[in-house]
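Owing to the predicted nature of the structure, the values given are computational and were not obtained by experimental measurement. Atoms within each ligand, like the ligands themselves, are counted from 1 in listed order.
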Amino acid sequence: MDLRSPAVRAATVTSCLALLATVSACSGAGVDGTPGSPGVRDPYFPKLGNGGYDVAHYGLTLGYDPGSRHLTGTAEITARATKNLSSFNLDLKGLDVSGITVEGKAARFQRAGQELRVRPADELERGETFRATVRYSGTPETITDEDGAEEGWLRTGDGALALGEPTGSMAWFPGNHHPSDKASYDIQITVPKGLKAVSNGELTRESTKNGRTTFAWHSAEPMASYVATVAIGKHELKTSTTEDGLPIVTAVDPSQAKASEKVLAKIPDVMEWAEYNFGPYPFSSTGAIIDREEDVDYALETQTRPVFPGAPDTGLLVHELAHQWFGNSVTPKSWQDMWLNEGFATYAEWLYAEDNDGDSAQDVFDALYKGDYYEDKEDNEAIWAFPPAKPTDAASISDPPVYERGAMVIHKIRQAVGDDAFYDIVQGWAKTYRHKNADTRDFTEYVEKHAGGDEAREKVSRIWGDWLYGDGKPDRP
Ligand code: TRP
Ligand code: ZN
């Protein structure tokens, strides 16, 4: 039989189509898909994320009852296949999945740990946009991350709080939970009347029916899942605007209201300062969430609306708002590039102090290098434990070398190129990689290219070896 003959080919296609309705393997013969990989080879979290597709949008419809701690969820995931797929994975920890459809047809699925493997009735073709709908429910888990911090879904006195860095978001919705796959979001939460449910972006609807209130939040700009959040409780929810008309949405636990007033009033000024230094704000609203949870003592730069565990000081507010540019708009390609987030956010604190009658960044740098910045010797030594661009392991990605020594790297660049070129680099970096992902190499290449001539390029290129990648304390400040 000559397979190239048009008549034979046509016959094969027809019989295949006839079978398609009953035997899904037939479409496989046409598409020839293989399973999508269960991870994206993150050097620190190999199981996070999934290969073979790229999410464009998450539509999450959630219901939560703080009394019973029961969550019901529907996740509508719109994604594009990046290869021919016979199956693909989502990350989801805990919770019961009651059903999954892909393109409206029931799909088979299988769970193993945090991996949820979905086998659509029809294989997916490379380039095809598809919609997967996952129905799930249960009591969401609190995840203890590698450094002992609590994340995931946390129960608070009057509700719940979702925190996702680095692995917590899989506790409350299925998805491609790696920073390299950003997407837009619509997050809708229904809670008992009297409570508020706050999330990222802008509130598009609030309605009460049968003793339950629904809050719908829209995030048009790309968001990594680790900075998605939901805060449920008796919060005071307030909206105002900056002078430029950017909405400021704050949600504050009543116990924190008094203590938070002053610092929250600084948001417009800090935003203006940050835009002046880093360039245009990359999102459609800003604000803060101030909540109480016994086991959480850290802040997180949740997109548009950082979460604070109690009233922050000005430095911490600056840090989390700076992350909106560095971390949330320019997002690391992998968890190895974490210093690009924390180095910049920490340096933003130094710059803000310098610009507001505090210590200069040079003073902070010198004290850190000399080893008399902190009271305790151990704290002063901790910043030299490993190079910022090569954390020892997953437990160390939020250790001092990533923060302080990361900020010292940024300061070294400023010293090498001078203030004019430095601020051009900072703003150009934020602009070039706006709403994208970047890694350390992208950064060092960008800085070298924009250092301002051969001599300056030579100078900055000497920073990387010792300060970014080298073990131990560099010989010279
Ligand atoms: N990114 C947070 C901040 O600096 C800190 C943080 C919270 C964190 N959870 C984390 C860092 C998990 C690394 C891993 O504002
Ligand atoms: Zn930070």
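- Ring centers of Tyr276 and Trp273: at least 6.0 Å apart, outside the cut-off.
- Glu165 OE1, 3.2 Å is the protein heavy atom nearest to atom 8 (C) of ligand 1.
- Counted by atom type alone, Ser285 and Arg305 present one or more donor-acceptor pairs between their side chains at under 3.5 Å.
- Ligand 1 places these atoms under 4.0 Å from at least one heavy atom of Ala299: 2 (C), 3 (C), 5 (C), 7 (C), 15 (O).
- Considering backbone and side-chain N/O of His319, one or more are found under 3.5 Å from N/O of ligand 1.
- The backbone N or O of Asn277 sits less than 3.5 Å from a side-chain atom of Gln427, completing a donor-acceptor pair.
- For CD of Gln362, the number of neighbouring non-hydrogen atoms (other residues, nucleotides, ligands) closer than 6.0 Å is greater than 12.
- Atoms of ligand 1 lying under 4.0 Å from any heavy atom of Tyr298, numbered from 1 in the order shown and given with element: 7 (C), 9 (N).
- Under a 3.5 Å cut-off, the side chain of Asp337 and the backbone N or O of Ser334 do form a donor-acceptor pair.
- In Tyr298, the OH atom is crowded: over 12 heavy atoms of neighbouring residues, nucleotides or ligands sit closer than 6.0 Å.
- Using a 4.0 angstrom heavy-atom cutoff, Pro166 counts as in contact with ligand 1.
- Taking the centre of each ring, Tyr373 and Trp350 stay at or above the 6.0 Å mark.
- Note on His323: its N/O/S atom closest to the Zn ion (ligand 2) is NE2.
- Under a 4.0 Å criterion applied to the non-hydrogen atoms of Glu342, ligand 1 contributes the atoms 1 (N), 2 (C), 3 (C), 4 (O).
- For ligand 1, the atoms closer than 4.0 angstrom to any heavy atom of Glu301 are 1 (N), 2 (C), 3 (C), 15 (O).
- Closest to the Zn ion (ligand 2) among the N, O or S atoms of Glu342 is OE1.
- In this structure, the protein non-hydrogen atom closest to atom 15 (O) of ligand 1 is Glu320 OE2, 2.5 Å.
- Here Glu301 fails the criterion, with no N, O or S atom under 2.8 Å of the Zn ion (ligand 2).
- Residue Arg135 qualifies as open at atom CZ: its count of foreign heavy atoms under 6.0 Å is 12 or below.
- Heavy-atom contacts of Met338 reach the following atoms of ligand 1: 11 (C), 13 (C) (cutoff under 4.0 Å).
- With hydrogens and angles disregarded, a donor-acceptor distance shorter than 3.5 Å links the side chain of Asp181 to the backbone of Val55.
- Proximity of Glu151 to ligand 1, defined as any heavy-atom pair under 4.0 Å, is not found for any part of the residue.
- For atom 4 (O) of ligand 1, the nearest protein heavy atom (residue, atom name, distance) is Tyr403 OH, 2.8 Å.
- Within a 6.0 Å sphere centred on CG of Asp475, other residues, nucleotides and ligands contribute 12 heavy atoms or fewer.
- Of all protein heavy atoms, the one lying nearest to atom 11 (C) of ligand 1 is Ser398 CB, 3.3 Å.
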